2 protein chains.
Amino acid sequence: MSLREEILNVSREILIKDGFGKMSMRKIAGRCDVTATSIYLHFKNKDDLLLALIEESIEHLKQALIEVLDPSKSMIEQLEILARTYIEYALKHPQEYEVIYMVRPEEMPKYPKEKFRDVRSTYELLAEIIQTGGENESLDVKSSLISAYTLWAQLHGVVSVILNKRLDTRIPQDQFIEQAINHILKGFVIEKTPA
Amino acid sequence: MSLREEILNVSREILIKDGFGKMSMRKIAGRCDVTATSIYLHFKNKDDLLLALIEESIEHLKQALIEVLDPSKSMIEQLEILARTYIEYALKHPQEYEVIYMVRPEEMPKYPKEKFRDVRSTYELLAEIIQTGGENESLDVKSSLISAYTLWAQLHGVVSVILNKRLDTRIPQDQFIEQAINHILKGFVIEKTPA
DNA sequence: TTATCTACTTAACAGTGTTAACCTTGTTTA
DNA sequence: TAAACAAGGTTAACACTGTTAAGTAGATAA
């Protein structure tokens with residue numbers, strides 16, 4: 001295994017276990033039996049390393065979603081499955097999920113924006129599904145791309161509230177998730193008989 | 001003005017202008033013409049100072065929402081206004097908004113959880129409105145508290161995607177917001193004629 | 001053999017949060 | 001009046017942080 005890979009593995013491990021704050025260059029290097037400066041031979045700086053981790057995390061999430069796709073099902077069913085999978089993945093790998101939203105482009109000015117564009121390819125996956133649904137079934141889809149982002153945003157919101165421990169202790173988490181999914185999906189269904 | 005207030009003002013200014021990363025104890029102290037250690041006479045540590053800022057930010061957001069309440073309007077109208085106000089506030093004061101979600105309780109173990117409970121009082125404001133709506137009008141409200149959190153989560157998701165610059169450049173921001181609000185509100189309305 | 005390239009190291013810079021110990025000042029108490 | 005005390009600040013230091021410039025050992029190529 002190359003040192004580059006080892007750095008990625010070790011830093012991911014630290015990041016997931018102890019969070020970003022504890023992920024220091026010297027600590028990573030130490031666990032690779034190497035000096036901190038060696039990391040700079042493989043990554044431009046800490047942001048660069050972080051970005052590599054972000055890309056990996058997004059890829060993992062994307063894979064989790066792709067695995068669950070089933071074109072034989074109706075679009076609304078697929079959306080529900082996607083929603084559940086998204087939330088489930090995020091709650092199962094909270095630290096890894098949060099990496100995705102950890103950094104904003106403007107805070108990494110050194111970084112080419114195209115890197116962040118890759119990140120968006122996952123949205124387009126969603127967009128395709130929604131678009132197809134809009135054509136074939138009764139989904140309320142003005143612009144599939146916007147709808148994809150809307151869905152994504154709402155899912156992220158739900159996850160975010162839970163992960164940030166902002167949920168009231170009186171509310172059972174499962175019930176919250178159920179109701180949220182219910183609400184979110186409802187937004188996509190066309191009312192059969194508009195008043 | 002007491003030093004404590006001055007510290008709060010200065011650090012908020014730095015936080016809003018340069019972000020959390022640039023907000024260092026020595027920098028804050030310097031602008032107050034004081035040594036860094038003096039801050040520790042008024043705040044337990046940096047987290048404590050941050051928490052004070054979080055509380056202020058939440059209070060601001062809460063005030064913005066309260067100002068816009070209008071019981072003479074229908075509940076669904078009120079929800080729409082609240083949604084718009086929430087998003088508008090967040091986009092107008094992005095740094096301040098993000099402070100609210102910056103820290104998780106578990107990352108501030110020194111901190112009493114009751115502090116974070118205060119934070120939640122704003123949710124309850126929303127919950128009340130939704131509950132009243134559920135009783136009087138056709139709002140789909142199983143549990144008003146859960147509905148409040150669901151609404152909150154979805155709004156935060158929308159804001160989060162925009163602030164994190166994750167929105168596709170092909171999507172006009174206004175259009176995204178409109179569609180998102182549309183989707184979110186739809187989740188609360190009871191279908192008149194269920195199939 | 002000499003030169004070059006690769007992968008690493010050492011040493012250092014400038015910055016961070018935080019603490020212990022000290023000093024001044026004004027107020028309270030004997 | 002003298003002594004004790006507390007409030008609000010200071011200096012110096014510790015143990016970290018990301019990052020860079022310069023140096024070094026070892027393999028490879030001319």
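This structure is a prediction, so every number in the text was calculated from the model and none was measured. In what follows, every chain begins at residue 1, and chains take the letters A, B, ... in the order their sequences are listed.
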Among D/dG9, C/dC8, C/dT9, the nucleotide that comes nearest once only the side chain of A/T35 is considered: C/dT9
When you check the side-chain N and O atoms of A/E96 and A/H60, is any donor under 3.5 Å from an acceptor? yes
Nearest listed nucleotide, side chain of B/Y40, among C/dT19, D/dG18, D/dG9: C/dT19
Nearest listed nucleotide, side chain of B/T37, among D/dT19, C/dG17, D/dT10: D/dT10
Measure from the side chain of B/L41, starting at C-beta and using heavy atoms only, and say which of D/dT11, D/dT19, D/dG8 lies closest. D/dG8
Donor-acceptor pair, side chain of B/S38 and main chain of B/V34, under 3.5 angstrom: no
Compute whether any side-chain donor of one residue and acceptor of the other, for A/S57 and A/R12, lie under 3.5 angstrom apart. yes
Here the distance between atom C1' of D/dG18 and atom CG of A/D48, to the nearest Å, is 14 Å
Indicate whether any N or O donor in one side chain lies under 3.5 Å from an N or O acceptor in the other, for A/S74 and A/E77. yes
Of the nucleotides C/dT9, D/dG9, D/dT19, which has the atom closest to the A/V34 side chain? C/dT9
Below 3.5 Å, does any donor atom in the side chain of B/R26 face an acceptor in the base of C/dG17, or the other way round? yes
Out of D/dT19, C/dT9, D/dT10, which has the shortest distance to the side chain of A/K46? D/dT19
Given D/dG18, C/dT9, D/dT10, the nucleotide with the shortest approach to the side chain of A/M25: D/dG18
For D/dG9, does either OP1 or OP2 sit under 4.0 Å from a side-chain N or O belonging to B/H42? yes
Can you tell which of D/dT11, D/dG9, C/dC8 lies closest to the side chain of B/S38? D/dG9
Rounded off to whole Å, could you give me the CG-to-C1' distance for the B/L3 and D/dG9 pair? 9 Å
